[in-house]
Asker: 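Encoded as structure tokens, here's the structure I'll be asking about.
Labels below follow one simple rule: chain letters A, B, ... track the order of the sequence lines, proteins then strands, and each chain is numbered from 1. Here the structure is a predicted model, which is why all the values come from computation and not from measurement.
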Amino acid sequence: MSQIELPKVYNPQDFEDRLYKFWLKNDLFSPKGEGEPFVVAIPPPNVTGVLHMGHGLNNSLQDALVRYWRMKGRPTLWVPGTDHAGIATQQVVERRLQKEGKTRHDLGREKFVALTWKVKEEHHAIISQQLKKIGASLDWSRERFTLDEGLSRAVRQVFVTLYERDLIYKGRYLVNWDPEAQTAISDDEVEHKEVAGFLYHIKYPFADGSGFVQLATTRPETLLGDVAVAVHPSDERYTGLVGKMLKLPVADREIPLIADPFVDKEFGTGAVKITPAHDPNDFEAGRRNNLPQINILNPDGTLGPNVPERYRGLTGPQARKKMVQELTDLGLFVEAVPHKHMVGHAQRSGAVVEPYLSEQWFVRMKPLADKAMQALREDQIRFFPKRYENTYTNWMENIRDWCISRQLWWGHQIPVWTCGDCGHVHVKMDTPNTCEKCSSKTLKQDEDVLDTWFSSWLWPFSTLGWPELTPDLAKFYPTTAVVTAYDIIFFWVARMVMAGMEFTGKAPFRDIYMTPLVRDKQGRKMSKSLGNGIDPLDIVNEFGADALKFTMVYLSAQGQDINLDKEGFKLGSKFANKIWNASRYLLMNIPDEGVLPAGQIQKNDVDRWIEGRLNATIRNVDEAMANYRYNDVGHAVYDFFWNDFCDWYIEATKLEFNAGAERKRQAVSKLVLVLEESLRLLHPFLSFITEEIYQQLPGHAFSLVTAPYPVADPARDDASVASQFLALQELVRGIRTLRSEFTIPPEKDIEVVVGLDAGYAHSKFLKAHRDLAALFTGAEGLSFGDQGNKPAGAVTVVGKGFESYVLVRDIIDVPKEKEKLKKTIEKTSGYVLSVEKKLSNQAFVASAPVEIVEGERTKLLEAKENLERLTAYLEELEG
RNA sequence: GGACGAAUAGCUCAGUUGGUUAGAGCGGCUGCUUUACACGCAGCGGGUCGGGGGUUCGAAUCCCUCUUCGUCCACCA
């Protein structure tokens with residue numbers, strides 16, 4: 001009899017891919033219409049890998065956000081793209097070569113880069129596929145890549161501009177060196193980890209043989225680069241000794257004992273060795289004291305030409321062992337004390353970072369940071385949750401210059417050309433052919449490439465066409481929001497604000513939503529090495545993309561990391577299943593004549609109730625979405641659909657279904673209306689299933705993607721019906737509980753008389769819905785009477801304003817009932833006492849707001865009434 | 001050494017500006033093939049809101065302090 005039949009079992013595989021293609025084919029993800037746009041640029045995934053759960057979360061939340069605002073009618077654009085991820089990608093390719101026993105140098109720069117492009121294509125294909133699988137409503141026509149032509153021009157433009165503004169400089173400094181990747185890295189790319197090492201105490205003899213200076217170091221092998229030993233100027237232990245020469249053991253050089261206030265007198269012996277080329281402090285101390293810099297390392301971290309022959313080529317640990325041995329032999333080694341200290345590791349390669357002296361390009365960050373701080377001060381940007389402002393501010397205030405050159409091949413080659421003849425330096429947008437000074441043709445471009453983040457920080461505007469003044473840039477910049485994990489604030493978010501302010505004069509986005517981090521059930525970070533990661537595609541395959549997205553939305557509380565395992569996604573899949581089945585039920589009950597036109601629909605109390613609930617839900621969703629409170633959104637729609645719509649409304653309409661074809665048609669028509677609106681409400685959070693069902697709805701529009709989002713309508717609020725329905729629910733729940741507690745089987749019809757209090761406000765409503773109450777409680781003959789008029793042999797269920805007498809003399813267990821009553825009495829009288837105490841407190845009555853006091857009075861009255869009835873009944877049972 | 005976060009039911013967590021008899025999901029228990037859904041329905045049990053002080057008429061919520069975890073930042077050799 002039904003016109004429409006959904007498959008019996010909810011199987012997302014059957015339609016998710018099909019629907020994504022449908023959306024794409026009809027260009028539903030490109031911005032439409034007029035008004036204030038809503039724009040998000042995707043945090044570009046690295047082309048190195050595949051998407052992990054962090055991306056699953058992040059893109060689910062972005063998709064929810066974007067779909068919501070798109071349905072709200074704003075021209076909405078979500079820009080897709082990927083990041084070339086300099087070091088990471090180059091490493092992937094180098095490892096592949098390594099398996100063939102080759103290095104990138106065997107190929108040469110050009111071939112290596114070409115090969116890397118191929119690898120990029122492979123990963124890019126996987127990543128795009130994954131994003132489509134999870135349903136991301138990205139505008140693929142605007143996809144970008146940080147190394148594509150347009151973005152490369154943006155990068156050059158920025159480099160040249162910064163150079164011209166004297167915000168970029170080149171210099172020989174101590175930088176963080178990744179000996180594995182053999183490149184400089186920025187401070188932010190160094191991760192400090194605690195390492196258990198030793199503090200080696202050693203002695204340096206004075207050159208004149210007049211004794212020793214004892215000092216301590218964690219890295220004895222760096223002795224070979226020592227150029228002095230420093231003590232504090234006011235350290236009395238060394239009075240008269242400063243200026244004397246020490247004989248540096250093993251290296252056989254003489255170095256001075258100097259005084260410098262940076263030395264901590266309290267630490268150890270108060271003497272510290274100075275190794276300017278291998279320690280940031282020493283570097284500064286060396287400059288202050290005009291000391292030489294001796295670089296003892298090769299780029300790969302082994303010891304280099306400036307050390308004694310027998311040390312050359314040794315790795316750090318090897319050299320350390322040898323050094324300790326030699327010092328021991330010389331009688332200069334004192335002891336090695338176990339010592340925990342922080343050691344920098346390269347974020348990408350994991351190698352121990354070496355402070356390394358080299359010539360690099362830097363960005364002067366202070367002026368940029370000032371503008372970025374200004375953006376926050378002026379409220380151009382807002383953090384969600386707000387507390388991340390601290391992280392941002394703290395970083396900005398302690399900003400250091402940014403080392404942007406990388407000794408890699410994969411990336412934007414630095415747009416600097418040096419004349420081979422006159423040495424003139426050209427910093428240009430376009431590759432120059434001749435030297436502008438001496439017309440020489442021998443121009444050589446700087447070999448290095450730029451840090452990956454040097455292109456990422458331009459992302460919000462470079463993806464829209466900057467530096468060209470494209471229509472997209474004019475229309476969609478600045479963007480609305482950036483959604484990303486909080487561990488990327490420094491690398492990306494803060495720098496994007498800097499770049500936006502510097503190059504466009506505007507913050508690149510208004511809202512910064514920091515997503516939680518997804519962790520495993522034990523709260524550990526998901527990682528390859530622990531094997532505790534969850535592949536978002538596994539989730540999609542097993543539970544569906546909607547389960548993935550809804551679960552993420554439901555669990556994303558502000559600033560709270562999410563701990564979960566695969567099982568956790570059942571939350572979403574169960575909800576989707578519920579939606580499926582409820583919809584299937586409604587659709588299969590649409591009569592052949594179809595649903596009624598709007599004009600013929602007549603609404604009753606229950607319809608008004610569900611509309612009020614729907615209205616309240618819409619309001620909650622709007623409020624929560626505006627504040628990026630995803631978990632609130634998830635709970636609001638879940639509770640509405642499951643508890644209100646399915647458990648009460650659909651159940652209630654079963655009464656109508658049994659009351660003849662006409663009334664059934666009325667009921668189904670109204671159900672379809674509520675379902676239709678619910679699907680629109682749910683679509684941003686469960687996009688596929690809602691669209692699949694929506695497409696089956698009579699009179700549906702083209703697609704949910706572009707359907708209008710439900711709007712809260714004050715005319716649909718009905719406070720009266722809301723409170724009346726609550727009374728009905730109270731009545732029903734009371735009787736259900738009683739049935740359950742006395743284990744009365746559902747099929748057993750019970751006799752119930754509801755005794756209404758004379759002045760009870762909801763008497764009329766309850767009487768009008770007698771049939772509903774009967775249906776919900778399984779008491780066919782449910783009737784109404786006066787309160788207190790309890791039939792013999794009945795058990796009482798006490799409500800607020802009524803009591804239900806259930807005739808179950810033959811069924812019930814009298815002692816059990818007495819027990820239950822006593823318990824309730826105890827609870828109620830405790831409550832009465834606490835409220836009485838509160839109300840007898842003069843201070844409370846005097847200072848609390850009137851409505852609070854009134855509320856307490858009402859509560860007390862109700863509780864007292866209940867208590868009286870309960871007590872009376874207990875007496876009766878006993879007597 | 002700084003900064004921030006967390007501690008609430010057996011588990012994972014909500015609880016927005018202080019005002020309910022503190023909630024959800026999962027798990028547990030009881031009963032149900034009840035016109036879609038057992039990925040279900042109905043019901044039940046379970047918490048001195050980490051400890052201790054304080055402010056307030058009133059604190060899970062604000063302040064102080066302690067304990068335990070976690071994260072970020074920081075050049076103590």
Side-chain angles (χ1 to χ4, degrees), chain A residues 6 8-10 192 199-200 215-219 230 262-264 266-268 271-275 279-284 339 341-342 355 385 387-388 390-391 394-395 398 486-487 489-490 517 519 521 523-525 543 547 554-555 557-565 567-568 570-571 573-589 623-624 627 629 631-632 635 638-639 646-647 650-651 654 657-658 732-733 736-741 743-747 776 778 827-828 830-831 834-835 838 841-849 851-853 855-856 859 863:
Chain A
L6 288 178
K8 188 160 168 49
V9 177
Y10 163 59
H192 295 275
L199 196 53
Y200 299 87
L215 46 79
T217 177
T218 53
R219 306 180 60 198
F262 93 96
V263 180
D264 179 2
E266 306 304 318
F267 190 91
V272 57
K273 64 202 254 336
I274 303 293
T275 323
D279 181 278
N281 275 322
D282 297 3
F283 180 78
E284 294 302 326
H339 178 74
H341 60 135
M342 300 299 274
R387 67 182 150 87
Y388 285 111
N390 293 336
T391 312
N394 190 45
W395 188 73
N398 298 295
Y486 59 78
D487 60 351
I489 291 178
F490 307 138
L517 252 35
R519 299 171 178 280
K521 206 89 188 178
R524 299 173 304 180
K525 252 187 178 172
F543 302 111
Y554 190 89
L555 295 179
Q558 293 239 332
Q560 187 61 42
D561 288 350
I562 300 173
N563 299 351
L564 90 169
D565 55 16
E567 288 297 294
K570 279 190 177 166
L571 170 70
S573 85
K574 281 166 91 164
F575 186 44
N577 187 61
K578 187 70 183 177
I579 296 169
W580 184 263
N581 281 297
S583 306
R584 187 166 73 90
Y585 170 69
L586 301 195
L587 293 177
M588 74 168 67
N589 278 294
E623 161 86 20
N627 293 292
R629 301 183 62 93
N631 61 330
D632 287 353
H635 278 91
Y638 184 96
D639 292 345
C646 290
D647 292 346
I650 292 183
E651 290 305 315
K654 284 178 180 171
F657 276 33
N658 294 337
V732 169
R733 287 196 177 111
R736 278 174 172 174
T737 300
L738 181 130
R739 284 193 83 119
S740 178
E741 285 193 343
T743 330
I744 302 165
E747 70 275 12
F776 281 135
K827 226 173 159 179
T828 313
Y831 179 59
S834 79
V835 181
K838 198 186 258 186
N841 183 343
Q842 287 306 315
F844 169 71
V845 179
S847 3
E851 62 270 23
I852 299 289
V853 179
E856 291 298 319
K859 281 191 241 168

Asker: Distance check: side-chain N/O of A:Thr737 vs OP1/OP2 of B:rC44, anything under 4.0 Å?
Answerer: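 Checking B:rC44 against A:Thr737, a side-chain N or O does come within under 4.0 Å of OP1 or OP2.
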Asker: So does A:Lys8 get a side-chain nitrogen or oxygen closer than 4.0 Å to the phosphate oxygens (OP1/OP2) of B:rC37?
Answerer: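 True: A:Lys8 side-chain N/O within range (under 4.0 Å) of B:rC37 OP1/OP2.
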Asker: Between B:rC26 atom P and A:Ile562 atom CD1, what is the distance in whole Å?
Answerer: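 Interatomic distance, CD1 of A:Ile562 to P of B:rC26: 17 Å.
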Asker: Give A:Glu567 one of three labels, base, sugar-phosphate or nothing, depending on what nucleic acid heavy atoms sit under 4.0 Å from its own.
Answerer: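 Nothing, no heavy atom under 4.0 Å.
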Asker: Please report the distance, rounded to the nearest Å, between OH in A:Tyr388 and C1' in B:rG5.
Answerer: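 From A:Tyr388 OH to B:rG5 C1': 8 Å.
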Asker: Where does the angle between the aromatic ring planes of A:Tyr10 and A:Trp580 fall among parallel (under 30°), tilted (30 to 60°) and perpendicular (over 60°)?
Answerer: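 Because their plane-to-plane angle lies in the 30° to 60° range, the rings of A:Tyr10 and A:Trp580 count as tilted.
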Asker: Between A:Lys827 and B:rU21, does any side-chain N or O lie under 4.0 Å from OP1 or OP2?
Answerer: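 For B:rU21, neither OP1 nor OP2 has a side-chain N or O of A:Lys827 closer than 4.0 Å.
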Asker: Return yes if the base of B:rU16 and the side-chain atoms of A:Asn627 contain a donor-acceptor N/O pair under 3.5 Å, otherwise no.
Answerer: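 No, no donor-acceptor pair under 3.5 Å.
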Asker: Pick base, sugar-phosphate or nothing for A:Pro849, based on heavy-atom distances below 4.0 Å to the nucleic acid.
Answerer: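 Touches a base.
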Asker: Does any nucleotide pair with B:rG19 by Watson-Crick or G-U wobble geometry, both distances under 3.5 Å, and what is it?
Answerer: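 Pairing partner: B:rC57.
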Asker: Establish, yes or no, whether the cationic atom of A:Lys574 lies under 6.0 Å from the six-membered ring centre of A:Tyr638 and within 45° of the ring axis.
Answerer: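 Not flagged: A:Lys574 not positioned over aromatic ring of A:Tyr638.
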Asker: Using a cut-off of 4.0 Å on non-hydrogen atoms, how would the nucleic acid contact of A:Lys273 be classed: base, sugar-phosphate, or nothing?
Answerer: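 The answer is nothing, as A:Lys273 stays clear of every strand by at least 4.0 Å.
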Asker: Which nucleotide, in any strand shown, forms a Watson-Crick or G-U wobble pair with B:rG1, with both distances under 3.5 Å?
Answerer: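 B:rC73 is the nucleotide pairing with B:rG1.
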Asker: Output yes when at least one side-chain N/O atom of A:Lys578 is less than 4.0 Å from OP1 or OP2 of B:rC41, else no.
Answerer: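 Affirmative; the distance criterion is met.
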Asker: Between A:Gln842 and A:Arg387, which has a closest nucleotide on RNA chain B that is more 5'?
Answerer: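 Its nucleotide being nearer the 5' end, the pick is A:Arg387.
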Asker: Main chain of A:Arg629, side chain of A:Asn627: is a donor-acceptor contact present, judged purely on distance under 3.5 Å?
Answerer: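 No, the answer is negative, given that no donor and acceptor are paired below the 3.5 Å cut-off.
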Asker: Assign each of A:Glu741 and A:Phe267 to its nearest nucleotide of RNA chain B by heavy atoms, then name whichever residue's nucleotide is nearer the 5' end.
Answerer: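 The 5'-side residue here is A:Glu741.
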Asker: Check whether any side-chain N or O of A:Lys654 sits under 4.0 Å from OP1 or OP2 of B:rA36, and answer yes or no.
Answerer: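 Checking A:Lys654 against B:rA36: no side-chain N or O falls below 4.0 Å of OP1 or OP2.
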Asker: With distance as the sole criterion, do the side chain of A:Asn841 and the base of B:rC57 form a donor-acceptor contact below 3.5 Å?
Answerer: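 No, the side chain and the base share no sub-3.5 Å donor-acceptor pair.
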Asker: In the structure shown, which nucleotide is the Watson-Crick or G-U wobble counterpart of B:rG31, with both distances under 3.5 Å?
Answerer: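 Partner of B:rG31: B:rC41.
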Asker: Is there a side-chain contact between A:Arg736 and the phosphate of B:rU30, meaning an N or O under 4.0 Å from OP1 or OP2?
Answerer: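 The answer is no; no side-chain N or O of A:Arg736 sits under 4.0 Å from OP1 or OP2.
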